[in-house]
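These notes are about the structure you will find just below.
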Protein chains: 2
Amino acid sequence: MSPDGDGVTLWRRVADDIRSNIGDGTISDALPSELELAARYGVNRHTVRRAIAALTADGLLRVERGRGTFVNNKPQRIVYPIGSRTRFSENMLKQSLEPSGRLIKSDYVLSDSVMAALLKCRVGTRLHRLDSLAVADGIPLSRSTSYFSAERFPGIIEAYAETGSITEALRREGVVDYRRRETRLTAERVSARDAELMSCAADAVVLISRAIDVDLEGQPVQFIRTKFLADRVELVMLQS
Amino acid sequence: MSPDGDGVTLWRRVADDIRSNIGDGTISDALPSELELAARYGVNRHTVRRAIAALTADGLLRVERGRGTFVNNKPQRIVYPIGSRTRFSENMLKQSLEPSGRLIKSDYVLSDSVMAALLKCRVGTRLHRLDSLAVADGIPLSRSTSYFSAERFPGIIEAYAETGSITEALRREGVVDYRRRETRLTAERVSARDAELMSCAADAVVLISRAIDVDLEGQPVQFIRTKFLADRVELVMLQS
DNA sequence: GTCAGTTGTCTAGACAGGTAGACATGTGAG
DNA sequence: CTCACATGTCTACCTGTCTAGACAACTGAC
């Protein structure tokens with residue numbers, strides 16, 4: 001895909017493969033010895049050691065000199081339910097986590113044809129763009145960019161800045177209730193800026209959700225793009 | 001997180017950030033000049049050039065000497081609906097894609113406490129484990145590992161090998177219909193083995209779905225873990 | 001204690017990644 | 001044409017990655 005390699009070092013790829021094997025249950029307790037792993041991946045023992053060092057620093061592995069390397073009990077990801085009524089604050093409180101939202105930036109944009117179709121508005125309509133950070137117990141979980149009609153919700157930015165909750169901000173702007181109409185999901189490597197904002201590793205992965213929320217009349221109230229840190233969050237859909 | 005860096009080269013991180021900006025719409029048509037990008041990221045111009053070279057090789061950018069660098073019309077991801085009735089073959093046919101499934105490996109495992117809880121069976125029950133690859137129009141989209149009760153579905157492996165469809169294989173084993181009960185989603189960097197199986201870049205990202213399918217009586221029929229290539233697939237949930 | 005097998009540490013060398021600077025070459029506005 | 005500005009190419013140098021080999025130190029079985 002690029003001139004030479006792919007921009008990911010060998011030890012990183014080995015580390016990713018070991019992590020994946022742990023997630024699969026392929027490796028459950030003790031890792032193979034460094035020499036065996038080196039042979040299996042066709043790399044030098046030092047390269048394996050570096051991969052293990054990275055996973056140890058992450059708290060995923062535990063090395064015992066003379067005995068071997070072992071898998072730690074991994075910390076659970078925070079569960080994030082996705083349904084027709086997705087509310088960040090409620091979700092966190094149910095898991096005994098203290099939710100908060102922080103405004104990063106806000107400005108105006110004019111809706112292009114894509115955004116106009118999503119929000120069912122005219123091309124060129126003024127939209128509030130709201131960048132925010134979702135935090136639970138002080139740990140950043142996700143970063144969102146929301147788009148609202150500036151005409152319909154003139155005070156939404158201030159309301160969010162005060163409350164730290166989109167649900168609450170919408171309520172102040174007259175939206176009694178809303179529900180999720182559509183959610184689209186994909187994933188990417190985290191961007192440099194987002195890694196800084198969410199204080200995570202530069203090689204982290206984000207789940208990207210693009211969703212439309214509608215009011216009780218079915219009229220779109222917001223388009224929201226959220227990047228969830230994949231190693232801190234698990235999205236759950238109950239389909240009953 | 002590790003001794004020195006994070007195992008991702010500088011040019012790769014710059015490339016990821018540019019890609020992310022394109023996805024956001026922050027960059028829509030023309031990129032800033034190489035010198036400006038270098039200044040913005042605090043790196044050398046050559047490093048920016050390498051990042052651009054990688055994105056150009058991916059078909060995302062187009063460079064015109066003396067004029068500048070521009071964003072190409074990006075190819076759409078294949079839409080993969082996730083609902084209570086998720087069927088790979090039907091989904092692909094609706095998008096005029098030719099679906100196929102290939103068996104990678106199959107063996108037996110004994111259910112541990114986690115798997116027993118998911119499939120509502122006793123610990124120690126024999127389970128078929130089925131590794132398969134889902135392909136659309138010759139392009140690998142995802143890799144799955146399914147677990148079935150060996151007692152209830154003795155011939156499921158053969159049935160899948162013949163038909164290349166889990167739905168069809170289950171039907172032959174007496175499951176008239178089934179539906180999705182729960183889907184859990186996270187994401188990771190692709191493992192070396194999966195990158196080879198799905199013939200993608202070593203630095204690709206996968207969406208990991210862990211799901212339970214139940215029959216009409218509500219009894220679990222399979223636990224399935226699927227890794228979708230994030231740059232080829234978009235998961236869509238309609239929540240009406 | 002002995003021994004096989006494990007992780008820890010050191011040295012040295014080949015090669016890719018990143019920085020720095022210089023200059024060539026194409027483009028479009030004036 | 002001229003000029004500012006864009007990308008293309010080259011050399012030189014330093015640092016980090018990966019390989020290779022050797023040896024030390026620790027663990028558990030015998």
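- Formation of a donor-acceptor pair under 3.5 Å by the A:Asn72 side chain with backbone atoms of A:Gly59 is found in this model.
- Tested against B:His128 for a ring-ring contact (aromatic ring centres under 6.0 Å, His included), the candidates B:Tyr108, B:Phe148, B:Phe153 yield a single pass: B:Tyr108.
- Regarding A:Glu64, its CD atom lies at a distance of 9 Å from the P atom of D:dT27, rounded to whole Å.
- For the pair B:Arg13 and B:Asp6, the salt-bridge criterion is met [side-chain N within less than 4.0 Å of a carboxylate O].
- Of the residues B:Arg40, B:Arg45, B:Arg65, the one that meets the salt bridge (Lys or Arg N to Asp or Glu O under 4.0 Å) test with B:Glu34 is B:Arg45.
- The residue among B:Leu31 and A:Leu10 whose nearest nucleotide of DNA chain D lies closer to the 5′ end is B:Leu31.
- Distance from the side chain of B:Thr9 is smallest for C:dG17 among the nucleotides D:dC26, C:dG17, D:dT19.
- Across the protein-nucleic acid pair, A:Arg50 atom CZ and D:dA20 atom P stand 17 Å apart, rounded to whole Å.
- Taking only side-chain atoms of B:Trp11, from C-beta outward, the nucleotide of D:dC18, C:dT9, C:dG17 with the closest atom is C:dG17.
- For the pair A:Arg49 and C:dG8, the criterion of a side-chain N or O lying under 4.0 Å from OP1 or OP2 is met.
- In this structure, B:His46 and B:Pro32 both approach DNA chain D, and ranking their closest nucleotides by distance from the 5' end singles out B:Pro32.
- Distances shorter than 4.0 Å separate some side-chain N or O of A:Arg67 from OP1 or OP2 on D:dG28.
- A donor-acceptor pair under 3.5 Å links the side-chain atoms of B:Asp17 to the main chain of A:Ala192, judged by distance alone.
- Of the candidates C:dT19, D:dT19, C:dT7, the closest approach to any side-chain atom of A:Asn44 belongs to D:dT19.
- Here the C1' atom of nucleotide D:dA6 and the CG atom of B:Leu37 are 12 Å apart, to the nearest Å.
- D:dT19 atom C1' lies 15 Å from atom CD of A:Glu34, rounded to whole Å.
- Rounded to an integer number of Å, the gap from A:Arg62 CZ to C:dT6 P is 17 Å.
- In terms of phosphate contacts, A:Thr69 brings no side-chain nitrogen or oxygen within less than 4.0 Å of OP1 or OP2 of C:dT6.
- Taking only distance into account, the side chain of B:Arg45 never meets the base of C:dG18 through a donor-acceptor pair shorter than 3.5 Å.
- Atom CG in A:Asp203 sits about 13 Å away from atom P in D:dT17, given to the nearest Å.
- To the nearest angstrom, C1' of D:dT7 lies 6 Å from CZ of B:Arg65.
- Atom CZ in A:Arg13 sits roughly 13 Å away from atom P in C:dA16 (whole-Å rounding).
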